[in-house]
Structures are given as C-alpha cells and as structure tokens.
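This report refers to the structure that appears directly beneath it.
Chain letters run A, B, ... following the sequence lines, proteins first and then strands; every chain starts at 1.
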Amino acid sequence: MARARWPSLWERARDLQRWVTSTIGASIWLRGCTHVGSKTRTFWRPHVENRGRIVIGSRVRLNSNWAPVELVTGPAGVIEIGDGVFINYGTLISAHTRVRIGQNVMVGNYAIISDTEIPGIGDPPGAPLMEARAVDIGNNAWLAARVTVLPGSHIGAGAVIAAGSVVSGDIPAGAVAGGIPARILRAVATEDSSGSGS
Amino acid sequence: MNLQTAVERARTAFWLRNCDQVGHEPRLRGRPTLYGGRIRIGDRFELASRPVASHLMTGPDGVIEIGHDVSIAHGAAIAAFERVQIGHGTLIGPFVIIMDTNFHGAAGDQSVQHDCRPVVIGDGCRIGSRVTITRGGSIGNGAEILAGSVVSTAIPPGACAGGGRARIIGRAGEAASRWDSAAAALPSLVMKSLRLNVPPDLDADPSGLPDWDDSGVLRLLAAITGLFGVRLDTTEISHAHTFADIAAAVERARVAHSRRAAG
C-alpha cells in the first residue's frame, strides 16, 4: 500500500541523511570506476574491482543493503551502465569484454550478469582461459530476483525477465520471459506484467 | 546456567529485540537482522546466519508470523509489506527469498510501490535451497518445494513442486517426485512433441490440446521411448485423462523394465 500522506519531519530528515550518505558513498566506493555520472548514489558498500573500464551513468542507484553489489572487470573488460539504473543487492556484474546495461533498467537482488562462464575471477596464474561474449541489456528492462544472464545474451528494451530465470540467447524487446533456460512467456509486455511471470 | 548460555541468551534476545513476540527457546546461529513492523515468532525457532547472514524485514504495515518449530537456514531474505506467514514445523533451506511485494512497478517504472499479496506457507513444509517465493505464492501443508524453484502460485497441500515456474511433479516425500522422474520430464517432452509454446500442466487434459492427434501421440511415444527407454501402448496414452496418468504409466513401465532387467 503506497504511502498516502506527507512525510513527517523525521522521515524527511532520514531521507536527507540517506541522500547525503549515498551521494558521498558513491564518490568513495565508486572511485575505482572510470567515470561516474552525476546524482549517482550507493547505499551501503558496493565492491568494485576495475581492471578495465567501468562507466556508470547519472542517477544510478546501487543498493548493497544485505549483500554487496560487485562490479568486476578484466583487463579488456568494459561495463557500461546507463542513466537511471537501479541495481539491487547481491548482484554480480562481471565483464571481460563488454557488458552494457541500458537506461532505467531494474536489476533485482542476487542477479548475475557476466560475459564469461565463470564470472568475477581475475586473471590469476592457472585461471582457465575463458571465452568472453558481450552481454547487452536494453533500456527499461526489468530483471527480477536471482536472474542469471549468461555470456552472449541480448535482452531487448522493455523486456521482463521472471525471477530465477537463466537467460541465454536473445530476448526480444517487450517480451516477458522466464524459466531455465528463459523462454518467452508473453511476446509483448502488457500492463499486467508482474515479477512472478505467471 | 553457566556464563556461556547466559551470554548466548542475551545476544539472542538482543538480536530479536525488534520482534513483537518471541516464543520459548529461540536458537540463532550467527547474527541475523530483524527489523520492521510486526514480527511474531513461535517456540523453538531456529535461524542460521552463518556463513551468510539472514534478514527478516517488514514494512510499516507488514506482518511476519512464524509458527512453532520452524527452522530457517542461512542467507534467508524475507520481506513482508503486508503478510508473510510460515506454519509450524516448516523447514526452509538456505538462500531462500520470500517477498510479498515487488517493491516497484512494471518494466521501466522504478517508483516505490507495494502492490502486496500475502504469502502463506503451511505447516510441515519442506522448502529446498535457493527457492524464490514471490507475492501471491502459497504453499499448502506438508508440501515440498525442490531446490532452485520459483513459487508464484498456489501449491496444494501434500504436493511436490519444482521448477522455474513451480509446477507440481508429484506427491511430497515420494521417491518418484524427483527431477529424473517421468512426471518431471513429461511436460517438456509433450511441449516438444506437440510443438506447444509452453509446457502443459500435469493435471491438464490431453484431448484439450491442439495437435493431440495420432501423429502427435506417435511423436510423444517416440520421445518417451527415447528418453526413458520404455515403450508405451498408444491406447494407454490416448485414453489418459490427464498427463499425470501418462506419467504414472511411464513410471510403471520403467519399474517393470528395471525388474526384468534385474532378472
């Protein structure tokens, strides 16, 4: 039930404190990134390991409330996050070539978006050689909780991926997809799209 | 009471300080986070937060009601903005996500919205690890949810359900209700043989499907033989009332086949 009254003074103060902490937090925790847009905020502490390039747009919010958001790039890796994106806790985004996330995308908690089969590992001696395939997520997409995006996937604009799905391959724009592996459940998203995908 | 027990009781009481009501003998391993509106916990509650911390949170109007003898493993993420209820004696595996709201709108709409539907988990359920229970999901008494499933609909009591859109694949506690059972594999076999868009429900009537003609039946028979190595009669399939009947026939054939093979 959405809040239907004006915020109280305490709530305003708390919101202001959160805005300050998250804005300052972004400049601290995201300082390892190549470029961070204006008004980007981090809640609690994300984990950034940037050996390539990480470009974050403006008005991006990273929530690491219960588990840190991790952004990891290999030497040739590029992570591009568009404006207005919201990434929820526990998500791992790992790029050894390119991972691009469009504008206003919502990524649910504990998601894995990786362009290699084993995400997140650096290049320690003895690490397996892994082929990296670029991942692309279109504008306004919605990835629900625990979605795994495998290397080489393309998710179209406005697509909805149901909770727990494993996406490999292409999801057309506006589709609702779900399952392991993700199959199209509804070809064009309707008003009724919900996280359950059923 | 020795010092260690006293310290542990004090810590437990401190960690559960945000709960409205806590029963006798709660046992917490590791440090969980519980906060929010109203959390009511029954007796002998077990919550693990080692190696990964669990959290239970409610919104201002939310309620979490947990019955007696409930055990929740580590990494649990439970959020209630209206109501989440867990029945007595339920066992919940690690890394489970239970939420009764989506927290936001549809694709492209990031505004905070709580369109809640209560989540009710019955008594005596067994929920596997990494299960995601989204709003509106309800699990009947004694049901079993296989690991990795996503539950967003009602699961009847005593059923065993699993999958990315949790579907019933048998009865709770039965050995046949496993991923290698005929009931688990049949829906996708039918989908491929009849060239459907989505796998059918096990309770669906086959004759209601398009392409349920002789050639479709033959393709399904061939697929069953290919996957399970057993040969069914066309009459068994075409006279089945539901796909669950067909799955049962396949299981019987498999049992008979393995008995013959064992001599």
Closest contact, heavy atoms only, Ile97(B) versus Ala145(A): CD1-CB, 4.2 Å
Inter-residue atom distance Met99(B).CE - Asn109(A).CG, 0.5 Å rounding: 6.0 Å
Nearest atoms (heavy-atom pairs only) where Val150(B) meets Gly164(A): CG2-CA, 3.9 Å
Gap between atom CD of Gln110(B) and atom CZ of Phe86(A) - 0.5 Å precision: 7.5 Å
Student check: side-chain heavy atoms of Asn88(A) and Phe103(B) closer than 4.5 Å: no
Region of Val131(B) that comes under 4.5 Å of a non-hydrogen atom in chain A: backbone
Close side-chain approach of Asn102(B) to Trp142(A), heavy-atom, < 4.5 Å: yes
Exceeds 12 heavy-atom contacts within 6.0 angstrom, atom CG of Leu9(A): no
Separation of Arg130(B) CZ from Arg146(A) CZ (nearest 0.5 Å): 6.5 Å
Region of Val166(A) in contact with chain B, defined by heavy-atom distances below 4.5 Å: neither
Non-hydrogen atoms of Ala107(B) and Ala159(A) that approach each other most closely: CB-O, 4.4 Å
